[in-house]
Protein chains: 4
Amino acid sequence: MTPTRPAPARGRPRSTTSHQAVLQAVAHLIDVEQLGFEQLTIEGIAAQAGVGKQTIYRWWPDKAAIVMEAIQAGKLALDIGEVPDTGDLTADLRMWMRQARQRVFTEKNMALARSLIVALVASGVTVEEYVPGGSIQEGSQLAQRLESEERAGRLREGIDVEAAAFALLDPVVMKMIAGQVPEPNWFDALVDVIVDGVRR
Amino acid sequence: MTPTRPAPARGRPRSTTSHQAVLQAVAHLIDVEQLGFEQLTIEGIAAQAGVGKQTIYRWWPDKAAIVMEAIQAGKLALDIGEVPDTGDLTADLRMWMRQARQRVFTEKNMALARSLIVALVASGVTVEEYVPGGSIQEGSQLAQRLESEERAGRLREGIDVEAAAFALLDPVVMKMIAGQVPEPNWFDALVDVIVDGVRR
Amino acid sequence: MTPTRPAPARGRPRSTTSHQAVLQAVAHLIDVEQLGFEQLTIEGIAAQAGVGKQTIYRWWPDKAAIVMEAIQAGKLALDIGEVPDTGDLTADLRMWMRQARQRVFTEKNMALARSLIVALVASGVTVEEYVPGGSIQEGSQLAQRLESEERAGRLREGIDVEAAAFALLDPVVMKMIAGQVPEPNWFDALVDVIVDGVRR
Amino acid sequence: MTPTRPAPARGRPRSTTSHQAVLQAVAHLIDVEQLGFEQLTIEGIAAQAGVGKQTIYRWWPDKAAIVMEAIQAGKLALDIGEVPDTGDLTADLRMWMRQARQRVFTEKNMALARSLIVALVASGVTVEEYVPGGSIQEGSQLAQRLESEERAGRLREGIDVEAAAFALLDPVVMKMIAGQVPEPNWFDALVDVIVDGVRR
DNA sequence: AGGTAACCGAGACGGTACGTCGCGTCTTACA
DNA sequence: TGTAAGACGCGACGTACCGTCTCGGTTACCT
């Protein structure tokens with residue numbers, strides 16, 4: 001049985017130096033130079049990385065893929081942070097929202113946030129896999145918190161935890177995409193709706 | 001002398017023919033030629049419309065503005081339709097969601113939907129003002145339905161109707177952006193969360 | 001009878017400024033910067049001329065065509081000068097050859113000469129139409145001198161004047177192409193062969 | 001210790017297989033694939049030969065050198081053939097010219113001829129050393145024939161045989177470079193001028 | 001009934017970035 | 001050490017669109 005051994009790798013191997021330089025360059029351009037996703041150019045990345053354009057085209061299909069990998073490699077972080085678990089769901093979610101507002105909806109971070117999201121969208125990956133720092137399968141921070149609440153018997157029966165997580169997160173993401181910074185009480189109102197519903 | 005009277009408009013007036021031709025061209029390119037927002041070019045629009053580039057630049061600041069106006073003019077429809085008002089909020093919203101799934105999450109319409117959303121995002125306009133089919137003046141269909149419910153005294157006191165509308169709509173929009181078609185019960189679960197909340 | 005009037009020339013007309021700038025740039029790069037034909041790049045020409053690349057591609061099919069036009073426009077001269085006509089054919093041709101050696105086979109002019117010739121060759125134009133300053137139809141300097149001699153009855157009957165002119169000029173051109181500077185007596189020996197033949 | 005003994009040749013010796021493969025590849029590309037000298041690329045040659053680029057750069061300084069060696073190795077023939085020596089100089093040269101016209105000025109061979117000449121020119125070698133089919137050591141066929149005539153005492157005293165050979169050959173080469181096929185009597189007229197001169 | 005100012009189409013202009021090709025160098029594994 | 005393979009930094013290619021600019025020609029208002 002030949003276990004489909006990988007080809008013996010002929011020719012000069014891929015340069016890890018260049019690879020890292022490209023990811024670092026993307027991080028620099030987005031984070032420091034404050035370029036949006038559409039201002040980002042392959043030529044600019046190549047120049048910043050001190051790398052030939054061909055080297056980029058050899059390994060990534062497009063801009064989005066590079067930004068994606070930079071995110072996954074941790075070069076570009078958009079981590080809102082842990083969702084606290086004090087037992088008071090409303091308070092915990094409000095606290096997390098407050099963190100989100102402070103960390104992500106900064107003048108400085110908005111361009112980054114929009115770039116990341118556009119990259120994610122353009123690459124066809126679901127946003128929530130990345131934004132909370134984990135994937136849905138692993139359990140996003142929000143979904144995990146809700147599941148914890150569910151295990152404590154404090155949620156209604158038959159609630160779709162994933163849907164609830166989306167209902168909380170996606171309005172926040174949409175605001176980021178639109179480049180708008182909501183008022184603090186907008187976040188609270190959102191939490192309030194999800195936790196208690198709208199019906200009397 | 002009436003100081004607010006508009007200037008007497010000397011010279012040749014704006015050609016409505018050209019104006020309409022541009023909007024029609026955009027609709028054709030997106031809808032028939034199936035071009036995404038980024039594939040759409042000013043030169044392509046001008047050529048399709050049989051119009052000079054200058055004419056476009058004279059009347060619209062950028063691509064997004066043209067697409068926006070084409071939507072508002074009804075040349076490009078992404079109309080989910082009216083939210084029914086039978087008095088049963090859950091049933092009404094589920095019905096509307098079912099319509100959304102059928103009309104927008106079509107193989108054929110997904111590209112259109114993504115184009116429109118990118119255009120809206122790029123133009124800095126909040127998405128929810130357009131997607132439900134209403135204009136800024138009319139306000140969101142969803143928000144209207146919720147307000148009607150509120151006037152009937154069937155909502156909890158102090159509910160932020162706008163936040164609730166976002167919590168319903170944005171997950172749907174995000175799915176469109178991501179190019180994913182959710183299962184029917186995903187929509188129902190979402191409605192359920194918003195209407196009744198997650199807390200026991 | 002419609003005398004095929006030229007089309008009414010729609011759109012912005014060709015910029016003579018840019019046109020001239022390109023020709024001047026080529027002259028500068030070859031003549032001053034001492035670039036050979038293969039070192040010459042379209043991008044370099046565009047940059048030197050302060051012109052977009054597209055403007056060059058719009059009007060010239062390739063490098064050779066630009067250099068050609070620069071020669072024809074007199075921006076790049078490779079004029080050996082008049083062939084004297086004192087009645088002494090050998091002396092006159094030797095004098096002209098001496099001029100050729102001094103004017104063209106200069107350290108400074110060799111690159112220019114090779115560039116021009118490569119351009120001419122690459123563009124498929126016969127060299128002798130340009131090098132002597134005129135075309136064969138108009139009569140090259142050499143052919144004219146020989147014809148003058150013929151009219152004076154000093155040539156053998158049935159001599160092909162054109163062939164004789166080639167036999168004189170082409171070895172000189174080949175030396176230029178090869179980048180070699182012949183000794184002065186090489187030129188004299190060449191003239192001697194043509195004027196008196198090799199047979200005893 | 002024998003100081004002139006060649007170094008003991010440490011390491012793996014030069015691969016004659018690769019060497020030949022390169023020359024063969026050049027011949028194939030020029031002759032069969034009908035590539036001109038400028039279309040010919042090192043990478044293309046390496047691929048065709050199944051050889052690493054480095055191997056080529058190790059043994060040849062540039063493209064021209066490879067083509068040169070291919071010619072010398074007889075892989076690429078541009079052999080006009082021997083100049084006959086019947087004692088009748090005019091007849092012999094006319095015969096040789098007729099051969100040249102038939103062998104080289106063929107539709108099929110023109111591209112080859114131009115490639116070779118450009119290669120020779122680019123490599124800075126005088127053309128006449130190669131075109132007649134001889135190598136540097138053997139000297140030019142034409143010059144040899146003229147020297148034979150001289151030894152027979154049938155040339156004028158003090159004639160520069162080399163100059164005469166140039167005067168005959170270079171117009172032919174220039175026609176090849178220009179891609180023109182002269183009429184048969186053009187060749188005869190050329191021979192006539194060289195043999196008997198133009199002066200009455 | 002002009003004059004004239006703003007419109008219109010066409011398309012050339014200086015640019016920027018694209019994605020590709022080939023250069024000559026380098027770095028592997030293998031022979 | 002030579003060799004095939006092939007990645008590397010680099011530079012130029014020819015193309016696509018950008019947003020601006022000039023043409024000749026066309027309205028439609030205002031003397």
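Throughout, protein chains are lettered first and strands after them, A, B, ... in sequence-line order, and every chain is numbered starting at 1.
By the side chain to side chain donor-acceptor pair (under 3.5 Å) test, A/R12 pairs with no residue at all, sequence neighbours left out. Shown here are the side chain to side chain contact (heavy atoms under 4.5 Å, CB included) partners of B/A49, two or more places apart in sequence or in another chain: B/A21, B/V22, B/A25, B/V51. Looking at residues two or more places apart in sequence or on another chain, you find no side chain to side chain donor-acceptor pair (under 3.5 Å) involving C/Q39. In this structure, D/A47 has no side chain to side chain contact (heavy atoms under 4.5 Å, CB included) partners at least two apart in sequence or on a different chain. Among residues two or more places apart in sequence or in another chain, the side chain to side chain donor-acceptor pair (under 3.5 Å) test is passed with D/T17 by none. In this structure B/Q34 satisfies the side chain to side chain donor-acceptor pair (under 3.5 Å) test with no other residue, sequence neighbours excluded.
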Distances under 3.5 Å between protein N/O atoms and the N/O atoms of nucleotides 11-15 of chain F, please, pair by pair.
{"residue": "F/dC13", "atom": "OP1", "partner": "C/I42", "partner atom": "N", "Å": "2.9"}
{"residue": "F/dC13", "atom": "OP2", "partner": "C/I42", "partner atom": "N", "Å": "3.3"}
{"residue": "F/dC13", "atom": "OP2", "partner": "C/E43", "partner atom": "N", "Å": "2.9"}
{"residue": "F/dG14", "atom": "OP2", "partner": "C/Y57", "partner atom": "OH", "Å": "2.4"}
{"residue": "F/dG14", "atom": "O5'", "partner": "C/Y57", "partner atom": "OH", "Å": "3.4"}
{"residue": "F/dG14", "atom": "N7", "partner": "C/K53", "partner atom": "NZ", "Å": "2.9"}
{"residue": "F/dG14", "atom": "O6", "partner": "C/K53", "partner atom": "NZ", "Å": "2.7"}

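Judged by distance alone with a 3.5 Å cut-off, no donor-acceptor contact links the side chain of C/R12 to the base of E/dC13.
You'll find the side chain of C/I66 reaches within 4.5 Å of the side chain of C/I42, heavy atoms only.
Listed by first and then second residue, the side chain to side chain donor-acceptor pair (under 3.5 Å) pairs that reach into residues 45-58 of chain A are A/E43-A/K53, sequence neighbours excluded.
Contact between the side-chain N/O atoms of B/W59 and the OP1/OP2 oxygens of E/dA6 is not found at any separation under 4.0 Å.
Here the straight-line distance linking atom CD1 of D/I30 with atom CD1 of D/I45 works out to 7.5 Å at 0.5 Å rounding.
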ask   = Tell me, what's DNA chain F's dot-bracket, Watson-Crick or G-U with both distances under 3.5 Å, | for other-strand, [ ] crossing?
value = |||||||||||||||||||||||||||||||
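In this structure, C/P13 and A/P13 both approach DNA chain E, and ranking their closest nucleotides by distance from the 5' end singles out C/P13.
At a non-hydrogen distance threshold of 4.0 Å, B/S15, B/S18 from residues 15-25 of chain B come into contact with DNA chain E.
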